[in-house]
Protein chains: 2
Amino acid sequence: MAKSKKAERLDASTEEKIKEAARTVFHKKGFAATRTRDIAEEAGINLALLNYYFRSKARLFEIIMLETISVFVQAMALALNDEKTTLGEKVERVVTSYIDLIEKEPDLPIFMLSEIRNNPDLLLVKLPIKQAIMGSVFFRQHHEAVTQGKITEPSPIQFLMNLIGLIMFPFIASPMLKRIGDLKEEDFNRLMQERKRLIPVWIEAMMKAS
Amino acid sequence: MAKSKKAERLDASTEEKIKEAARTVFHKKGFAATRTRDIAEEAGINLALLNYYFRSKARLFEIIMLETISVFVQAMALALNDEKTTLGEKVERVVTSYIDLIEKEPDLPIFMLSEIRNNPDLLLVKLPIKQAIMGSVFFRQHHEAVTQGKITEPSPIQFLMNLIGLIMFPFIASPMLKRIGDLKEEDFNRLMQERKRLIPVWIEAMMKAS
DNA sequence: GTCTATAGGGGGATAGAC
DNA sequence: GTCTATCCCCCTATAGAC
C-alpha cells in the first residue's frame with residue numbers, strides 16, 4: 001500500500017519530516033509569522049534538530065521556497081512546451097492541472113506571491129523561469145495564431161496574466177469571496193470545478209474580442 | 001495650495017503622522033514582518049509615542065486594516081450601486097478606478113488578501129460587505145440581463161471573480177510577471193493602462209460565451 | 001505630549017549530555 | 001542523531017523625567 005502523501009509518514013527520515021512540516025507551516029503562515037518551534041512541533045521532533053539539519057530558519061525557508069516555485073513553474077512549463085497539443089489544449093491542461101493542484105494545497109498561490117514580494121531577486125534568479133515561459137512552444141503557437149488572424153489579442157503577456165489570474169485569483173481571494181457570497185467550502189469547490197470548463201471557453205472568447 | 005497626499009506632511013498631527021507611517025509600512029511588509037520601530041522611524045517620532053496614541057501594535061494594525069478594506073469596498077460598492085449606469089458602464093468604472101488606485105498603491109491588494117487570510121473572521125465581520133455587494137443595483141441588473149438572454153453566464157459570483165481577478169491579479173503577481181516578461185516599471189504600467197480599455201471588452205465577450 | 005531608559009518576554013540558535 | 005537546558009538578541013510595551 002502506497003503511503004499517504006499528506007499523512008504523518010512516521011517512517012520518513014527526520015530530515016524529510018522536518019521539510020514536510022516546514023512546508024505546511026510556511027505555506028500557511030508565511031516566513032515572518034512562522035516560529036521554528038511551530039515547525040518542530042508539527043514535525044514531532046525537537047527544536048534543536050531543525051538547526052542540526054538546516055542550520056537556520058532562513059536556510060530552511062529558502063529550500064522550501066525554491067521547491068514550491070519549482071513545482072509551480074514546472075507544471076506550467078511542461079504544459080506550455082508540449083509539441084503535440086494545440087493552443088486551446090494547452091489552456092485546458094494548464095487550467096485543469098492548476099485547479100486540481102491548488103484545491104489540494106489552497107495556501108500555495110498566496111504564499112508564493114506574497115513571499116516573492118519580500119524576496120524579489122534572491123529567489124527568482126536561481127530558476128530558469130523566463131526561458132521556460134518565453135521560449136516555449138506556447139509562445140510560438142500564440143505568435144502564429146496572431147499572424148494568421150485566428151486571435152486578435154497581440155500580447156502573450158496579457159494572455160498569460162488573464163489565464164493565470166482567472167485560475168488563481170479566486171483561491172487567493174477565497175476568504176473574502178466566501179464571506180461575500182455566503183459560500184461554504186463545498187459551494188466554493190463546486191464553483192472552482194465549473195471553472196475548469198468555463199475558463200478555456202472564456203479565454204477563447206476574450207482572445208477574439210480585443 | 002493643497003497638501004501633497006503622500007508627502008511628509010510635517011504639519012499633520014502626530015497621531016495622523018503615525019497612522020500614515022503605519023499604513024505605509026504595514027502595507028509593504030505585512031503585520032508579522034513589521035516592527036513598531038520601523039513605523040516610528042517612518043513617522044519621524046519616538047517609539048513610545050506609538051504606544052501612547054494606539055496602545056499596541058495590534059490595535060494600530062486593526063485600525064489600518066479596517067480603513068484599508070473600507071476604501072476598497074466602498075469604491076466597489078459606490079460603482080455597483082449607481083442607479084444611473086448600465087452594467088457595462090459599471091464594469092468600466094470599477095476597472096478604471098481600481099487600476100488608478102492600485103497603480104498609486106501597488107501593495108494594497110496583496111496586503112489585504114494575505115492579511116485577511118490570517119484574520120478571516122475578526123476583520124470582515126465589522127463591515128457590511130455582503131449587503132453592499134449582494135444587494136447592489138449591479139446584482140439586480142445582472143439578474144435582469146440573464147433573464148432577458150443578454151448574457152449567458154448565470155452566476156454573478158463568477159462574474160465578480162473574473163472582474164476583480166482581471167484587475168488585481170497582474171498587480172499581485174507583478175514581481176514575477178516583470179521577471180518573466182522582462183518588463184520595466186514603465187512597461188508594466190503601460191500594460192495596466194491598456195487593460196483599462198481591454199478588460200471591459202473581455203468581460204463582455206466572456207459573459208456571452210459561457 | 002514627547003522623550004530616554006529599561007523592563008519583560010519571545011524566539012532563533014547553540015552547548016553539551018546521552 | 002536526538003534530546004534538555006540555556007544563551008542572547010531583538011522587539012514590544014511601559015515607567016518616569018521633562
Side-chain angles (χ1 to χ4, degrees), chain A residues 8-68 107 111 114-115 117-119 122-123, chain B residues 3 8-68 111 114-115 117-119 122-123:
Chain A
E8 289 220 3
R9 305 222 319 174
L10 291 172
D11 56 335
S13 75
T14 301
E15 186 169 351
E16 196 52 38
K17 274 196 292 186
I18 296 174
K19 267 179 66 174
E20 288 181 12
R23 201 172 358 256
T24 304
V25 182
F26 278 140
H27 283 184
K28 190 164 158 193
K29 316 216 288 185
F31 177 77
T34 293
R35 299 175 312 149
T36 50
R37 285 169 168 80
D38 296 335
I39 299 175
E41 191 184 356
E42 173 82 19
I45 53 102
N46 189 277
L47 174 56
L49 274 180
L50 189 152
N51 291 85
Y52 174 77
Y53 280 102
F54 296 96
R55 277 195 56 83
S56 76
K57 177 186 177 185
R59 278 182 55 81
L60 176 54
F61 178 78
E62 199 180 333
I63 291 169
I64 299 299
M65 185 73 182
L66 282 174
E67 287 188 5
T68 302
D107 291 323
F111 165 78
S114 60
E115 297 299 333
R117 163 184 66 158
N118 304 331
N119 268 303
L122 184 60
L123 292 161
Chain B
K3 288 168 239 167
E8 288 222 4
R9 306 220 322 175
L10 291 172
D11 57 334
S13 74
T14 301
E15 186 169 352
E16 196 53 38
K17 275 196 291 188
I18 297 174
K19 266 178 66 173
E20 287 180 13
R23 202 172 357 256
T24 304
V25 181
F26 278 139
H27 283 185
K28 191 163 157 193
K29 315 215 289 186
F31 177 77
T34 293
R35 299 174 312 149
T36 50
R37 284 170 165 81
D38 297 335
I39 298 175
E41 191 185 356
E42 173 82 18
I45 52 99
N46 189 277
L47 174 55
L49 274 181
L50 188 151
N51 291 85
Y52 174 77
Y53 281 101
F54 297 96
R55 275 193 56 84
S56 76
K57 176 187 177 185
R59 277 183 55 81
L60 176 53
F61 178 78
E62 198 179 333
I63 291 169
I64 298 299
M65 186 72 181
L66 282 174
E67 286 188 6
T68 302
F111 165 78
S114 59
E115 297 298 334
R117 161 184 67 157
N118 303 332
N119 267 304
L122 184 61
L123 292 162

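Here is how names work: the chains are called A, B, and so on, in the same order as the sequence lines, proteins then strands, and each is numbered from 1.
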Separation of atom CG in B/Asp38 from atom C1' in D/dC10, rounded to whole Å: 12 Å

Whole angstrom value for the distance that separates C1' of D/dC10 from CD of B/Glu41: 15 Å

Parallel, tilted or perpendicular, as decided by the 30° and 60° cut-offs, for the rings of B/Phe111 and B/Phe61: perpendicular

Exercise: identify the closest heavy-atom pair between A/Glu115 and A/Phe31: OE2-N, 3.0 Å

Terminal axis angle for the helix from C/dG1-D/dC18 to C/dC18-D/dG1, five pairs an end, nearest 10 degrees: 10°

Whole angstrom value for the distance that separates P of D/dT14 from OH of B/Tyr53: 17 Å

Residue list, side-chain hydrogen bond (donor to acceptor under 3.5 Å, both in side chains) with A/Lys19, at least two apart or on another chain: A/Glu67

Heavy-atom donor-acceptor pair, A/Lys17 side chain to A/Ile45 backbone, under 3.5 Å: no

Using nucleotides 10-15 of chain C, report all nitrogen or oxygen pairs with the protein that are shorter than 3.5 Å.
unit_1: C/dG11; atom_1: OP2; unit_2: A/Arg35; atom_2: NH1; d: 2.6
unit_1: C/dG12; atom_1: OP1; unit_2: A/Thr34; atom_2: O; d: 3.4
unit_1: C/dG12; atom_1: OP1; unit_2: A/Thr36; atom_2: N; d: 3.3
unit_1: C/dG12; atom_1: OP1; unit_2: A/Lys57; atom_2: NZ; d: 3.4
unit_1: C/dG12; atom_1: OP2; unit_2: A/Thr36; atom_2: N; d: 2.8
unit_1: C/dG12; atom_1: OP2; unit_2: A/Thr36; atom_2: OG1; d: 2.6
unit_1: C/dG12; atom_1: N7; unit_2: A/Arg37; atom_2: NH1; d: 2.8
unit_1: C/dG12; atom_1: O6; unit_2: A/Arg37; atom_2: NH2; d: 3.3
unit_1: C/dA13; atom_1: OP2; unit_2: A/Lys57; atom_2: N; d: 2.8

Contacts of type salt bridge (charged side-chain N to carboxylate O under 4.0 Å, His left out), residue A/Lys29, not counting sequence neighbours: A/Asp38

Qualifying residues under salt bridge (charged side-chain N to carboxylate O under 4.0 Å, His left out), relative to A/Arg37, sequence neighbours excluded: none

Partner residues of B/Glu41 under the side chain to side chain contact (heavy atoms under 4.5 Å, CB included) criterion, sequence neighbours left out: none

Shortest non-hydrogen separation from B/Ala21 to B/Glu42 and the atoms involved: CB-CG, 3.5 Å

